*Asks:* 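Structure in structure tokens, see below.
Basis for what follows: all heavy atoms, side chains included, without hydrogens, waters or symmetry-related copies. Chain naming here is simple, since letters A, B, ... match the order of the sequence lines and numbering starts at 1 in each. Just so it is clear, the structure is predicted and the values come from calculations on it, not from any experiment.
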There are 2 protein chains.
Amino acid sequence: MAVTLKNIAQRADVSVSTVSKALNDSPKINDQTKKRIENIAEKLDYVPHGPAQALKSGQTKLISMIVDRIDNLYYSELTHLIKREIKKYGYNLVLCSTMGDKEEEKEYITSMIQSHNVDGAIFAFSRNEQLIDKLFQNGIPLIYVSRPRGGNCSIPTVNYDLESSIYDLLEYLIERQGHQNIGYAGLTSSSILYDHDQRYTIYRKVLDEYGLPAEEKYIFTEYNDYEGGIEVGRQIINNQDRPSALVCFNDELALGVIQTLSLQGIDIPGDIAVTGIDNITMSASTNPPLTTINLPKKKLSFCAGKMLVDLLQGKEIPHKESTKTFPTELVIRGSA
Amino acid sequence: MAVTLKNIAQRADVSVSTVSKALNDSPKINDQTKKRIENIAEKLDYVPHGPAQALKSGQTKLISMIVDRIDNLYYSELTHLIKREIKKYGYNLVLCSTMGDKEEEKEYITSMIQSHNVDGAIFAFSRNEQLIDKLFQNGIPLIYVSRPRGGNCSIPTVNYDLESSIYDLLEYLIERQGHQNIGYAGLTSSSILYDHDQRYTIYRKVLDEYGLPAEEKYIFTEYNDYEGGIEVGRQIINNQDRPSALVCFNDELALGVIQTLSLQGIDIPGDIAVTGIDNITMSASTNPPLTTINLPKKKLSFCAGKMLVDLLQGKEIPHKESTKTFPTELVIRGSA
DNA sequence: GTGAAAGCGCTAACAT
DNA sequence: ATGTTAGCGCTTTCAC
């Protein structure tokens with residue numbers, strides 16, 4: 001059985017409340033008794049019962065981070081940074097990976113957040129925006145990180161400005177490199193995900209502005225990971241008609257595409273230029289190194305940590321400060 | 001404020017315990033009252049208070065998984081599979097990533113396990129073996145997964161037999177391919193980690209048996225990730241004298257090495273053969289595809305999930321069944 | 001400086 | 001079939 005305050009109280013021949021005060025270093029307890037109690041606690045390996053403390057205090061000092069896939073390197077890097085950040089404020093992070101499944105996410109929301117097993121949550125991904133919005137209205141500390149704030153969402157959001165970088169990227173491909181047939185691989189508006197939709201939307205918009213067609217045959221949807229990239233690569237190989245450049249939804253997808261094409265002797269970027277988004281660590285040193293858009297993970301994490309902790313401490317976040325946006329940056333390397 | 005049984009009881013004009021029984025579908029409650037109560041609960045969006053339930057029942061239905069780095073693809077794939085597995089038994093998984101830091105892991109052990117915030121834990125990595133052993137003696141359900149059971153450790157362990165596969169791998173490199181200078185990159189015995197040490201130890205042992213030297217200059221220690229591989233690659237390039245084959249601690253390290261060498265025009269496997277261990281998804285489709293050792297992740301996860309749940313249900317695991325070992329398998333692809 | 005008592009939200013044994 | 005009561009482990013008044 002686990003050691004409780006009661007056990008310690010018996011051995012020390014004092015009351016439970018005295019033990020509680022002693023271990024919480026209350027000034028009203030005699031230094032000698034305090035020492036005595038501390039020694040006994042130490043000897044018995046006492047650790048406070050989390051659920052009991054949580055029930056009493058109303059807080060668990062736990063924050064959950066909700067991501068799509070734990071095996072996406074962007075998410076795992078971001079998670080690590082955020083964890084570091086909130087630890088400074090005395091919070092621990094528990095990771096919930098939904099694998100993009102709406103029901104699974106909902107279960108996590110219920111069993112972790114609504115049930116008060118954690119004090120708050122950071123969503124790096126979501127398919128339950130309405131539910132989340134409702135929870136936030138009910139006063140549960142929540143924020144979005146790296147996800148554009150759409151519609152009537154009132155939840156504090158830490159975000160990056162992808163638009164100008166995608167603009168820079170396409171400008172680079174079109175004006176500097178003379179590409180005319182620029183394809184896209186990733187999730188499109190068929191997806192529920194606002195963020196994913198956004199990348200595609202910007203791509204379409206910029207092509208429009210340049211008067212270039214976004215041809216059906218150069219657009220590969222429903223893919224967002226390395227394996228998806230492999231598949232896109234296969235399709236490109238099988239098609240007669242290929243784009244001269246391919247803008248990918250994220251780095252992992254891009255690396256999958258490059259892999260497949262390279263194996264078939266297609267030269268990157270000679271035959272097809274390929275770009276990513278995220279700038280995961282690996283992409284600096286792939287073959288060829290990936291031209292991509294850097295997302296400011298450190299700034300995002302720093303800001304997200306602070307914002308959530310503010311919320312947890314009951315600070316009202318003024319509406320106009322509830323969205324922070326950091327610039328992204330085009331990183332030109334060898335793949336385009 | 002959150003909705004409690006009390007709130008529901010007031011609206012339904014019944015006692016708290018009636019509400020509790022109704023929502024727990026007790027047969028003693030009138031069907032009509034039950035319906036009425038359920039409706040109110042639904043309308044108010046009632047979710048049971050986790051800490052209160054945990055305090056009462058002594059269980060949280062949460063399991064924590066402790067890994068080294070969340071951004072290691074082997075760990076994240078394994079974590080995902082285990083999560084799936086334990087969900088079948090009604091448990092949720094919370095991921096704790098220690099980044100290999102002993103103190104950080106200790107904090108997690110205290111704040112999650114000893115404090116009863118989770119019912120049990122799966123360690124895919126640890127630097128606090130002694131503490132963990134003590135906890136297990138005290139009856140906390142714990143298991144190791146993919147970590148050799150060393151010394152006097154009595155904790156149930158699900159493991160793979162790497163020895164025969166490393167043997168197969170070296171046999172293949174030496175007898176089939178005629179390699180004489182086989183290097184090693186990864187962590188060595190300088191590390192505290194039993195598992196890491198083991199890989200190196202087996203490598204040494206097999207070379208010994210073949211009467212081949214394990215030359216200092218071909219051994220690169222203190223690396224275990226992609227960036228480490230990049231660094232090893234640099235060192236190999238700078239050295240006059242190169243091994244003809246390099247056995248890497250894991251796939252990510254191997255991919256880092258291959259990347260750096262390829263960029264310098266060194267042919268893999270022509271100039272240097274490179275092998276990994278893990279068989280992460282990506283390695284089937286890298287360039288060249290990686291020769292590696294497959295670890296039976298599905299079997300490990302399945303077995304680990306079952307073992308921990310048995311423990312959680314109070315089943316004694318007979319000593320001789322407390323270690324399960326699954327075979328691994330040499331996967332020959334293009335990099336060696 | 002220390003102890004007694006109440007209560008956080010929930011469940012279950014025991015009335016009625 | 002429903003209500004009363006006690007208690008899980010802890011903290012926090014309020015007495016003494």
Side-chain angles (χ1 to χ4, degrees), chain A residues 1-38 40-41 44-62 110-119 140, chain B residues 1-38 40-41 44-62 110-119 140:
Chain A
M1 270 308 296
V3 181
T4 67
L5 290 187
K6 204 170 157 192
N7 300 328
I8 299 174
Q10 284 164 349
R11 301 228 185 187
D13 209 32
V14 292
S15 76
V16 174
S17 68
T18 303
V19 177
S20 172
K21 282 171 200 145
L23 295 180
N24 287 311
D25 207 25
S26 157
K28 327 174 117 185
I29 301 290
N30 184 304
D31 276 358
Q32 283 213 316
T33 5
K34 210 182 265 182
K35 268 266 148 11
R36 199 157 48 87
I37 291 173
E38 279 165 358
I40 297 176
L44 296 186
D45 247 327
Y46 171 73
V47 176
H49 193 276
Q53 280 185 320
L55 178 58
K56 182 72 194 168
S57 70
Q59 50 174 324
T60 60
K61 288 291 179 180
L62 255 30
T110 303
S111 71
M112 297 301 286
I113 305 176
Q114 301 197 80
S115 70
H116 295 266
N117 275 326
V118 297
D119 294 342
I140 299 185
Chain B
M1 269 309 296
V3 180
T4 67
L5 290 188
K6 204 171 157 190
N7 300 328
I8 299 174
Q10 284 164 350
R11 301 228 183 184
D13 207 32
V14 291
S15 76
V16 174
S17 70
T18 301
V19 178
S20 172
K21 282 172 201 144
L23 295 181
N24 287 309
D25 206 25
S26 157
K28 327 173 119 185
I29 300 290
N30 184 303
D31 277 359
Q32 283 213 318
T33 5
K34 210 182 266 182
K35 269 267 149 9
R36 198 157 48 87
I37 291 173
E38 277 165 359
I40 297 176
L44 297 186
D45 247 328
Y46 171 74
V47 176
H49 193 276
Q53 280 186 318
L55 177 57
K56 181 72 191 166
S57 69
Q59 50 175 324
T60 61
K61 288 291 176 180
L62 254 31
T110 304
S111 70
M112 297 300 286
I113 305 175
Q114 301 196 79
S115 70
H116 295 266
N117 274 325
V118 295
D119 295 341
I140 298 185

*Asks:* If I take atom NZ in residue B/K6 and atom P in nucleotide C/dC10, what distance separates them, rounded to the nearest angstrom?
*Replies:*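 That distance rounds to 11 Å.
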*Asks:* Is the phosphate of D/dG3 approached by B/S15 (side-chain N or O, under 4.0 Å from OP1 or OP2)?
*Replies:*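 So the side chain of B/S15 is within the cut-off, an N or O lying under 4.0 Å from OP1 or OP2 of D/dG3.
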*Asks:* Judged by modelled atom types alone, do B/S115 and B/N117 share a side-chain donor-acceptor pair under 3.5 Å?
*Replies:*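 The answer is yes; a qualifying pair exists.
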*Asks:* Does any part of the side chain of A/Y46, heavy atoms only, come nearer than 4.5 Å to the side chain of A/I40, both counted from C-beta?
*Replies:*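 In short, these two side chains do not touch, never coming nearer than 4.5 Å.
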*Asks:* Within this structure, what is the CG-to-C1' distance between B/L23 and D/dA1, rounded to whole angstrom?
*Replies:*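 For the pair B/L23 CG and D/dA1 C1', the rounded distance is 16 Å.
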*Asks:* Over all strands shown, is B/V16 touching base, sugar-phosphate only, or nothing at heavy-atom distances under 4.0 angstrom?
*Replies:*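 Result for B/V16 = base.
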*Asks:* Students often get this wrong, so: under 4.0 angstrom with heavy atoms, is B/S57 touching a base, only sugar-phosphate, or nothing?
*Replies:*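 Nothing: the residue B/S57, judged by heavy atoms under 4.0 Å, touches no strand.
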*Asks:* Is any side-chain heavy atom of B/L62 less than 4.5 Å from a side-chain heavy atom of B/M112?
*Replies:*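 A side-chain contact is absent here, since even the closest heavy-atom pair is not under 4.5 Å.
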*Asks:* Distance check needed: C/dT16 P versus B/I29 CD1, whole Å only.
*Replies:*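 Those two atoms, CD1 and P, are 18 Å apart.
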*Asks:* Tell me: CG of A/L55 to C1' of C/dT11, nearest whole Å?
*Replies:*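 Atom-to-atom, A/L55 to C/dT11, this comes out as 13 Å.
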*Asks:* What integer distance in Å separates B/K56:NZ from D/dC10:C1'?
*Replies:*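 Roughly 15 Å, once rounded to whole Å.
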*Asks:* Is there side-chain contact between B/H49 and B/T4, with heavy atoms separated by less than 4.5 Å?
*Replies:*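 Heavy-atom side-chain distance check fails, nothing below 4.5 Å.
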*Asks:* Please pick, from D/dC10, C/dG3, D/dT2, the nucleotide with the shortest atom-to-atom distance to any side-chain atom of B/T33.
*Replies:*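 When the side chain of B/T33 is considered, D/dT2 is the closest of D/dC10, C/dG3, D/dT2.
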*Asks:* In whole Å, what is the span from the CD atom of A/Q114 to the P atom of C/dC10?
*Replies:*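 So the CD-P distance, A/Q114 to C/dC10, works out to 13 Å.
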*Asks:* Check whether any side-chain N or O of A/Y46 sits under 4.0 Å from OP1 or OP2 of D/dG9, and answer yes or no.
*Replies:*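 No.
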*Asks:* If I take atom CG in residue A/N30 and atom P in nucleotide C/dG3, what distance separates them, rounded to the nearest angstrom?
*Replies:*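 So the CG-P distance, A/N30 to C/dG3, works out to 11 Å.
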*Asks:* Donor-acceptor pair under 3.5 Å: do we get one between B/S17's side chain and the base of D/dT4?
*Replies:*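 When only heavy-atom distances are counted, B/S17 does reach the base of D/dT4 through a donor-acceptor pair under 3.5 Å.
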*Asks:* Does the side chain of A/I8 come within less than 4.5 Å of A/L44's, by heavy atoms?
*Replies:*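 Of all side-chain heavy-atom pairs linking A/I8 with A/L44, at least one is under 4.5 Å.
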*Asks:* Is a donor on one side and an acceptor on the other found under 3.5 Å between the side chain of B/N24 and the backbone of B/S26?
*Replies:*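 Answer holds: no.
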*Asks:* Could you pick out which residue, B/R36 or A/Q53, lies toward the 5' side of DNA chain D when each is mapped onto its nearest nucleotide?
*Replies:*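 By nearest-heavy-atom nucleotide position, the 5'-most residue is B/R36.
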*Asks:* Between A/H116 and A/T60, which heavy-atom pair has the shortest distance, and what is it?
*Replies:*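 Heavy atoms of A/H116 and A/T60 come nearest at O-CG2, 3.5 Å.
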*Asks:* Under 4.0 angstrom, heavy atoms only, what part of the nucleic acid is B/T4 near: base, sugar-phosphate, or nothing?
*Replies:*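 Contact class for B/T4: sugar-phosphate only.
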*Asks:* Between the side chain of B/K34 and the main-chain N/O of B/P27, is any donor-acceptor distance below 3.5 Å?
*Replies:*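 No.
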*Asks:* Would you classify B/P51 as touching base, sugar-phosphate or nothing, given that sugar-phosphate means primed atoms plus P, OP1 and OP2, and contacts are heavy atoms under 4.0 Å?
*Replies:*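 Nothing, no heavy atom under 4.0 Å.
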*Asks:* Taking only the side-chain heavy atoms of B/N24 (C-beta and beyond), determine which of C/dT11, D/dG9, D/dT11 contains the nearest atom.
*Replies:*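 My answer, after comparing the listed nucleotides, is C/dT11.
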*Asks:* If you assign each of B/K28 and B/H49 to its closest nucleotide in DNA chain C, which residue comes earlier from the 5' end?
*Replies:*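 This one resolves to B/H49.
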*Asks:* In degrees, rounded to 10°, what is the bend between the two ends of the helix from C/dG1-D/dC16 to C/dT16-D/dA1, using five pairs at each?
*Replies:*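 Roughly 50°, once rounded to the nearest ten degrees.
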*Asks:* Starting at atom NZ of A/K61, determine the distance to atom P of D/dC10, rounded to an integer number of angstrom.
*Replies:*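 Result: 18 Å.
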*Asks:* Kindly indicate whether the side chain of A/K21 and the base of C/dG3 share any N or O donor-acceptor pair separated by less than 3.5 Å?
*Replies:*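 Between C/dG3 and A/K21, which were checked side chain against base, a qualifying N/O pair under 3.5 Å is present.
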